[in-house]
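Here's the structure we're looking at; comments come further down.
For the single chain, residues carry numbers from 1 onward in sequence order. For clarity, every value in this text was computed on a predicted model and none was experimentally measured.
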Amino acid sequence: MVTAHNHSLAVGWADKVAYYAAPRPPVSWPHQVGVLPREAGCFQERAAAQQLEHATTSGGTVVLGQVLTGLGGVGKTQLAAHHARTQWQAGQLDLLVWITAATREAVIASYAQAAVEVLSADPNDPEELSARAFLAWLEPRPEITRRWLVVLDDLADPADLRHLWPPASATGRTLVTTRRRDAALTGHGRRLVPVGLFTEDEATTYLTAALVAHDCHEPSAQLNRLAGELGHLPLALSQAAAYLLDAGLDCATYRRQLADRARTLTDVLPDPSGLPDDQATTVAAAWSLSIDRADRLPPVGLARPMLQIAAVLNPHGIPASVLTSAPALTYMAQHRTTATPEQVHAAEIAVSDATLALRALHRLSLIDHTASSAHHTVRVHQLLQRAVREALPTDQHDRLVRTAGDALTTAWPEIERGTELAQALRANTEALALHAEDVLYQDAAHPVLFRTGRSLGEAGQVAAALHHFRHLADTTQHHLGPDHPDTLAAWHNLAQSRAAAGDPVGAVAAYEQLHIDRERVLGPDHPGTLATRHNLAKSRGEAGDVVGAVTAYEQLLEQMLRVLGPDHPDTLMTRNNLAFWRGEAGDAAGAVTAYEQLLEQTLRVLGPDHPRTLITRNNLALWRGEAGNAVGAVAAYEQLLIDRERVLGPDHPDTLTTRLNLAFWRGEAGDAAGAVTAYEQLLEQTLRVLGPDHPRTLTTRNNLARFRGEAGDASGAVSTYEQLLIDRERVLGPDHPDTLITRNNLARFRGEAGDASGAVSTYGQLLIDRERVLGPDHPHTLATRNNLAFWRGEAGDAAGAVAAYEQLLIDQERVLGPDHPDTLNTRNSLAYIRGEAGDAAGAVAAYEQLLIDQERVLGPDHPHTLATRNQLAGFRGNAGDAAGAVAAYEQLLIDRERVLGPDHPHTLATRNNLAFWRGEAGIA
């Protein structure tokens with residue numbers, strides 16, 4: 001028998017020695033089991049720390065257990081240690097137990113050690129038995145009021161705590177840190193406390209303090225940018241500060257190294273020997289264990305390839321439809337890390353499997369998957385993305401980039417019915433190009449690059465679309481050469497964007513050069529060459545050369561008929577555009593006839609519900625209205641709206657355009673109040689579907705203002721146009737045609753509101769800008785001169801108005817021809833101002849000649865022809881022929897009632913004029 005110095009006893013037998021431990025002295029209170037991690041230098045107080053201090057439910061009941069959850073590196077352990085240390089030092093605890101809970105065995109061993117220290121359990125007892133004894137001791141009992149806190153740090157798997165959770169107790173608390181956020185972690189008085197990144201201020205404050213502690217002072221702006229480039233991740237900030245100090249770099253130099261794609265995270269952060277604050281892993285290695293664990297969750301082997309796809313996309317939001325698209329499923333199947341023999345085929349990866357892979361990553365806090373959001377958005381930290389990308393072999397990385405591009409293209413809807421998804425897809429394309437733009441130009445330009453530019457144009461972001469296609473054209477030419485089909489396609493899109501941005505002259509120049517190149521490379525009959533000629537003709541018309549557009553379309557139609565045949569959709573579209581520009585050239589009746597013939601053919605070839613058939617019906621309705629049949633246009637648009645809603649849906653852009661046109665022609669048919677109501681309803685829809693800055697939304701606001709003015713609220717129209725002008729200048733730029741149209745309308749309604757001098761001033765400035773932007777012969781420039789002359793007359797300068805109209809008439813006859821509606825309108829205005837200046841007889845003579853020409857060109861029932869008859873009757877009366885005025889108004893009233901209806905404002909005005917001249921003629 002041997003007695004040890006600690007009074008334990010060893011008893012020996014022949015073949016063994018039994019050891020009997022001496023009784024442990026009673027535990028002294030307060031008592032701590034385990035060692036708290038050392039507090040990090042420059043520890044930051046955070047909102048999560050306050051949440052721990054004031055942990056109550058909404059009803060005021062104390063929360064008995066809290067689970068700090070978040071991405072590895074956000075500082076969960078430091079927050080838990082700070083909370084435990086604060087309570088311990090404040091004397092609020094009798095027992096503090098700190099456990100590193102990486103495994104179930106580690107938890108049991110720590111509980112057993114606590115039993116030994118607190119309960120004087122025998123260290124030789126089985127650990128399971130001692131652990132259960134300690135948990136039993138934690139159970140609330142009336143005679144025991146010890147205040148305890150058990151911290152389970154870095155819990156790897158919720159299953160490791162099965163039957164090992166500390167009990168709920170009024171005197172005890174449990175605090176867990178983990179990267180997991182499984183439902184199993186909550187309940188029984190426990191709740192999740194998400195721990196996020198540093199805020200911008202917290203991150204900058206931390207970097208400043210960490211560097212100043214080593215007498216290193218850097219500009220706050222540089223530190224703020226560095227914090228953003230590190231994603232405000234606490235672990236990355238601390239390691240970056242250590243590297244910067246050890247390497248003797250200033251912040252600007254370090255940021256350049258960090259941004260250098262040739263360097264990896266390992267190159268710009270400390271090696272394991274230089275990690276600060278007792279950290280065990282580098283940022284680059286911080287997430288590897290979590291990725292492994294996520295990959296072992298069902299469906300096994302898909303989490304890692306799913307994370308790889310997310311790693312090349314936008315960290316701030318990836319629509320789940322991208323990650324569950326067919327190209328993504330194929331990639332995951334090909335790179336499944338632990339596939340069984342029956343899981344090797346791509347077809348066996350279902351969308352539900354991909355969704356479960358997202359949830360597995362979410363459970364490990366590697367991503368945030370917001371299943372409740374409109375597009376089930378996925379977010380992932382930018383440094384985690386970089387770590388994942390850098391671990392990939394080059395060939396797999398390149399395949400991954402192209403797969404992500406394919407996934408974006410597949411997820412992109414043909415018609416963008418909302419702004420949120422389209423914005424997210426464009427942001428993801430931008431992020432993909434930022435990571436590996438060169439890969440997207442291998443052999444060909446990836447289709448997602450073209451789709452992004454078109455999306456910008458469809459969203460009305462004309463300046464951004466122009467910038468995008470300019471970059472695409474330059475980059476495609478650099479990578480693929482000037483004659484590659486994708487290079488030519490990029491230049492084609494750039495020319496289109498110039499036209500959409502309000503630069504039709506620049507578009508014409510671009511298309512002319514592109515036509516030369518495509519004809520040389522592809523040949524004159526290639527569809528790409530024909531498409532260029534088509535758009536060149538259109539841009540010539542938009543630049544003001546409507547006659548040139550008609551000629552170009554006539555020549556193109558001959559070639560289309562020869563190359564493609566009369567029934568090819570592109571041939572039909574050429575006929576559509578030829579009819580349109582004939583109408584723009586002044587032949588509205590001819591346009592109607594052409595569209596009627598085209599509609600018969602499209603119905604036969606494409607069917608009644610084909611989008612191009614519906615477009616033909618839209619244009620036919622338009623030119624019926626322009627030809628003077630506003631009521632017919634309304635009826636046609638009403639039927640078209642029914643069909644487009646049935647075929648395309650109520651929110652389709654073409655359906656919205658139909659509603660826009662229907663409201664317009666209702667106003668033109670005399671129902672200004674009805675037009676206002678229709679535009680107000682349409683504006684609500686366009687704001688919801690397209691957003692406030694989309695060109696269609698702005699056009700809706702433009703037309704709403706106009707018909708408010710037409711309905712009698714000229715001052716309200718002025719206010720609306722003033723605000724619209726601000727928005728159009730901001731969105732489209734000051735020289736965009738739509739912006740100039742807004743200025744035109746604003747000037748008009750300033751005059752209508754009684755400020756004729758203000759209208760003259762506004763039109764004078766607009767004329768200068770339209771001559772500069774569009775040229776002196778553009779139809780819009782000539783229209784501005786017409787309006788300026790009119791308001792000069794209204795402001796009292798009749799002689800100046802007459803001189804202006806006379807010069808304008810000469811130019812319009814030269815540019816547009818004598819029979820163009822705008823030329824005829826100027827003759828009307830010139831006759832009117834002469835009559836107002838006192839030459840009633842001259843006005844009568846001018847109106848009589850004008851009436852002959854309008855009846856020949858426009859027809860006897862056209863609103864402009866009827867308006868001329870109204871003016872002619874009035875000036876006949878002014879010239880002394882009251883009886884002649886009465887006779888003319890009587891016949892006009894009959895015709896206006898027949899053509900416009902008895903309640904049309906023009907019909908009512910005719911009745912009023914007739915009553916006046918009857919009185920002047922002495923007719924009771």
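- The shortest non-hydrogen separation linking Glu117 to Gln32 is OE1-O, 3.8 Å.
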Test Thr174 against Gln66 for side chain to side chain donor-acceptor pair (under 3.5 Å), laying out the working first.
CA-CA 6 Å; Thr174 302; Gln66 296 180 93; over 6 Å; no
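- A salt bridge links Glu390 to Arg386: at least one charged side-chain nitrogen sits closer than 4.0 Å to a carboxylate oxygen.
- When all heavy atoms of Leu329 and Ile349 are compared, the closest pair comes out as CD1-O, 3.5 Å.
- Residues His232 and Glu200 have side chains that never bring a donor and an acceptor to within less than 3.5 angstrom of each other.
- Residues Val176 and Leu68 are not in side-chain contact: their nearest non-hydrogen atoms beyond the backbone lie 4.5 Å or more apart.
- Side-chain contact between Leu185 and Arg190 is absent, with no heavy atoms from C-beta onward closer than 4.5 Å.
- Remark: the backbone N or O of Ala184 is not paired with any side-chain donor or acceptor of Asp182 at under 3.5 angstrom.
- Of the possible donor and acceptor atoms, one in the side chain of His381 sits under 3.5 Å from a partner among the backbone N and O of Leu383.
- With a 6.0 Å radius and a threshold of 12 heavy atoms from other residues, nucleotides or ligands, Arg293 has its CZ atom above the threshold.
- Looking only at side-chain heavy atoms (C-beta outward), Asp395 and Arg399 come within less than 4.5 Å of each other.
- Considering OG1 of Thr177 and CG of Asp153, their distance stands at 3.5 Å, rounded to 0.5 Å.
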I'd like to know whether Leu275 forms a side chain to side chain contact (heavy atoms under 4.5 Å, CB included) with Gln239, so could you lay out the CA-CA distance, the side-chain angles of the two residues, the decisive distance to 0.1 Å, and finally the verdict.
CA-CA 6 Å; Leu275 295 177; Gln239 293 187 10; 3.6 Å; yes
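- Two residues are said to be in side-chain contact when any heavy atoms from C-beta on lie closer than 4.5 Å; Leu323 and Val378 meet this criterion.
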Using side chain to side chain contact (heavy atoms under 4.5 Å, CB included), reason through Arg191 and Val67 one step at a time and then give a plain yes or no.
CA-CA 6 Å; Arg191 76 171 181 183; Val67 181; over 6 Å; no
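- The structure places NE2 of His31 at 12.0 Å from CZ of Arg146, a figure rounded to the nearest 0.5 Å.
- A distance of 8.0 Å separates CD1 of Ile318 from CD1 of Ile367, quoted to the nearest 0.5 Å.
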For Ser169 and Thr171, run side chain to side chain donor-acceptor pair (under 3.5 Å): C-alpha distance rounded to whole Å, both residues' side-chain angles, the deciding distance at 0.1 Å, then the answer.
CA-CA 5 Å; Ser169 172; Thr171 60; 3.1 Å; yes
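- Panel note: side chain Arg147, backbone Gly91; a donor-acceptor pair is recorded below 3.5 Å.
- With Thr281 contributing its side chain and Ala285 its backbone, the two residues share no donor-acceptor pair below 3.5 Å.
- Pro299 and Ala357 make their closest contact through CD-N, 3.9 Å (heavy atoms, listed as atom of the first residue, atom of the second, distance).
- Here the side chains of Leu207 and Leu226 are in contact, with some heavy-atom distance below 4.5 Å.
- Enclosure of atom CZ in Arg162 is not indicated, since only 12 or fewer non-hydrogen atoms of other residues, nucleotides or ligands lie within 6.0 angstrom.
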Leu95/Val150 under side chain to side chain contact (heavy atoms under 4.5 Å, CB included): CA gap, chis, key distance, verdict
CA-CA 8 Å; Leu95 175 63; Val150 175; over 6 Å; no
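- Using a distance-only test at 3.5 Å, with no hydrogens or angles considered, a donor-acceptor pair links the side chain of Arg85 to the main chain of Pro37.
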Report, one line per pair, each donor and acceptor closer than 3.5 Å where one atom sits in a side chain of residues 301-309; sequence neighbours left out.
unit_1, atom_1, unit_2, atom_2, d
Arg304, NH2, Asp292, OD1, 2.4
Gln308, OE1, Tyr331, OH, 2.8
Gln308, OE1, Gln396, NE2, 3.3

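- A donor-acceptor contact closer than 3.5 angstrom is absent between the side chains of Asp201 and Thr199.
- Listed by first then second residue, pairs satisfying ring-ring contact (aromatic ring centres under 6.0 Å, His included) with a partner in residues 78-117 read Phe43-His82, Tyr111-Phe134, not counting sequence neighbours.
- Between atom OG1 of residue Thr178 and atom CG of residue Asp160 there is a gap of 9.5 Å, rounded to the nearest 0.5 Å.
- Proximity of a side-chain donor or acceptor of Thr69 to a complementary backbone N or O of Arg180 within less than 3.5 Å is detected.
- You'll find the side chain of Val74 stays beyond 4.5 Å of the side chain of Ser365, heavy atoms only.
- Evaluated for a salt bridge (Lys or Arg N to Asp or Glu O under 4.0 Å) with Asp368, the options Arg379, Arg359, Arg181 yield exactly one hit, Arg181.
- Applying the 6.0 Å contact sphere to NE2 of His217 captures more than 12 heavy atoms from other residues, nucleotides or ligands.
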Could you go through the side chain to side chain contact (heavy atoms under 4.5 Å, CB included) check for Ser110 and Thr100 one step at a time?
CA-CA 8 Å; Ser110 296; Thr100 301; over 6 Å; no
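- Rounded to the nearest 0.5 Å, atoms OG1 (Thr370) and CG (Leu358) are 11.0 Å apart.
- Salt-bridge annotation for Arg336 and Asp353: absent, with no side-chain N of the basic residue lying under 4.0 Å from a carboxylate O of the acidic one.
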Residues Thr264, Asp267; criterion side chain to side chain donor-acceptor pair (under 3.5 Å); working and verdict
CA-CA 5 Å; Thr264 66; Asp267 297 328; 3.2 Å; yes
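- Between Glu128 and Ile108 the shortest side-chain heavy-atom distance falls below 4.5 Å.
- Panel note: side chain Glu229, backbone Arg255; no donor-acceptor pair is recorded below 3.5 Å.
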Decide side chain to side chain donor-acceptor pair (under 3.5 Å) for Asp125 and Ser130; before the verdict, give the C-alpha distance in whole Å, the side-chain angles of both, and the deciding distance to 0.1 Å.
CA-CA 7 Å; Asp125 286 346; Ser130 297; 4.6 Å; no
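- Side chain of Lys76 to main chain of Gly70: a donor-acceptor pair is present (N/O by atom type, distance under 3.5 Å, no hydrogens or angles).
- Taking both residues in full, the closest heavy atoms of Pro166 and Leu152 are given as CD-CD1, 4.2 Å, listed atom of the first, atom of the second, then distance.
- Annotation: side chain of Trp165 is not in contact with side chain of His188 (no heavy-atom distance under 4.5 Å).
- Shortest non-hydrogen contact noted between Ala328 and Val322 is CB-O, 3.7 Å.
- Under a 3.5 Å cut-off, the side chain of Asp277 and the backbone N or O of Gln279 do not form any donor-acceptor pair.
- A donor-acceptor pair under 3.5 Å is absent between the side-chain atoms of Glu139 and the main chain of Arg141, judged by distance alone.
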